[in-house]
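Single-structure report; data block below.
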Amino acid sequence: QVQLVESGGGSVQAGGSLRLSCAISGYFSNSACMGWFRQAPGKEREGVAGVYTGGGSTVVDTVKGRFTISLDTAKNAVYLQMNSLKPEDTAMYYCAIRRFSGCGSLSRRTFDYWGQGTQVTVSS
């Protein structure tokens, strides 16, 4: 059974950093997109970053230069390093997997498995 468990969220001041982790069990493929999404109150869940198990990664423009996604296949884990955090980054962050696909897009409805999320709160 596929399980994704996020950790590393918390409360930080603007300009601070957090490192989110997603532990994956029950699934691995060399052709899948491991993604991070976030959802703020009253907003749609949006893609933040994705890493392709076959190589390559992407981040959305709003976090480019501040966030970095990485994959550790040996540990079966995906990470999101978040630097220079802003109050607008406040959201619930979710780890997700899209099977049999690269990371050419980060459309929420195309991802197959989801974690329960970890809260990130950034104060000004």
Side-chain angles (χ1 to χ4, degrees):
Q1 183 172 337
V2 178
Q3 286 188 304
L4 289 73
V5 181
E6 301 96 334
S7 62
S11 298
V12 298
Q13 290 184 298
S17 297
L18 286 172
R19 180 180 173 88
L20 306 185
S21 299
C22 176
I24 302 164
S25 62
Y27 181 83
F28 182 78
S29 172
N30 62 3
S31 183
C33 182
M34 311 295 186
W36 283 99
F37 291 73
R38 66 186 181 185
Q39 187 168 23
K43 295 286 188 178
E44 295 279 336
R45 190 173 299 184
E46 63 176 353
V48 176
V51 58
Y52 179 47
T53 56
S57 64
T58 186
V59 298
V60 298
D61 289 342
T62 51
V63 304
K64 189 175 184 179
R66 300 188 297 119
F67 291 11
T68 303
I69 188 170
S70 61
L71 176 69
D72 188 334
T73 56
K75 295 181 179 179
N76 211 21
V78 61
Y79 306 95
L80 186 68
Q81 179 67 47
M82 305 186 295
N83 299 325
S84 301
L85 283 161
K86 304 175 180 180
E88 51 263 45
D89 296 319
T90 295
M92 184 73 75
Y93 283 71
Y94 300 88
C95 181
I97 298 173
R98 179 169 63 207
R99 299 176 297 159
F100 317 126
S101 177
C103 292
S105 66
L106 294 174
S107 177
R108 169 183 178 262
R109 301 186 189 278
T110 66
F111 281 73
D112 302 294
Y113 304 112
W114 295 86
Q116 292 299 116
T118 185
Q119 179 67 41
V120 171
T121 302
V122 184
S123 60
S124 61

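The first residue of the sequence shown is numbered 1, and numbering continues consecutively from there. Just so it is clear, the model here is predicted, and its values are computed rather than measured. Computation of the quantities below employed the complete heavy-atom set of this structure, encompassing side-chain atoms and omitting hydrogens, waters and symmetry-equivalent molecules.
- For the ring-ring contact (aromatic ring centres under 6.0 Å, His included) condition, the pairs that include at least one residue of residues 31-68, sequence neighbours left out, are Phe37-Phe111, Phe37-Trp114.
- Between the side chain of Thr121 and the main chain of Thr90, no donor-acceptor pair closer than 3.5 Å is present.
- Heavy-atom minimum distance, Met34 versus Cys103: N-SG, 4.3 Å.
- A donor-acceptor contact shorter than 3.5 Å links the side chain of Asp112 to the backbone of Arg99.
- The shortest heavy-atom contact between Gly102 and Cys33 is O-CB, 3.4 Å.
- Considering all non-hydrogen atoms of both residues, Val48 and Leu106 come closest at C-CD1, 4.1 Å.
- A pairwise comparison of heavy atoms in Ile97 and Ala32 identifies CG2-CB, 4.4 Å as the closest pair.
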Quiz: residues 2-14 side-chain donor-acceptor pairs under 3.5 angstrom, not counting sequence neighbours:
unit_1, atom_1, unit_2, atom_2, d
Glu6, OE1, Gln116, N, 3.1
Glu6, OE1, Gly117, N, 2.9
Glu6, OE2, Cys95, N, 2.8
Glu6, OE2, Gly117, N, 3.2

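- Listed for the Ser84 side chain is no donor-acceptor partner under 3.5 Å among the backbone atoms of Gly15.
- With sequence neighbours excluded, the residues that form a side-chain contact (heavy atoms from CB on, under 4.5 Å) with Ser105 are Arg98.
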Subject >> Trace of the salt bridge (charged side-chain N to carboxylate O under 4.0 Å, His left out) decision for Arg108 with Glu46 >> reply: CA-CA 7 Å; Arg108 169 183 178 262; Glu46 63 176 353; over 6 Å; no
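- Ala49 and Val59 get closest at one heavy-atom pair: CB-CG1, 3.6 Å.
- Without hydrogens or angle criteria, Asn76 side chain to Ile24 main chain gives a donor-acceptor distance under 3.5 Å.
- Here Leu18 contributes atom CG and Gln81 contributes atom CD; the two are 8.5 Å apart, rounded to the nearest 0.5 Å.
- Side chains of Val120 and Leu20 form a contact here, defined as non-hydrogen atoms less than 4.5 Å apart.
- A side-chain N or O of Ser17 and one of Asn83 form a donor-acceptor pair less than 3.5 Å apart.
- Evaluation of the side-chain contact (heavy atoms from CB on, under 4.5 Å) rule for Glu88 yields Lys86 as partners, not counting sequence neighbours.
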Original post:
Which is it for Thr68 and Leu80 under the side-chain contact (heavy atoms from CB on, under 4.5 Å) test, yes or no, and what are the steps along the way?
Top reply: CA-CA 6 Å; Thr68 303; Leu80 186 68; over 6 Å; no
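- Applying the side-chain contact (heavy atoms from CB on, under 4.5 Å) criterion to Ala23, with sequence neighbours excluded, gives no partner residue.
- Here ring-ring contact (aromatic ring centres under 6.0 Å, His included) pairs that include residues 78-103, with residues two or more places apart or in two chains, number zero.
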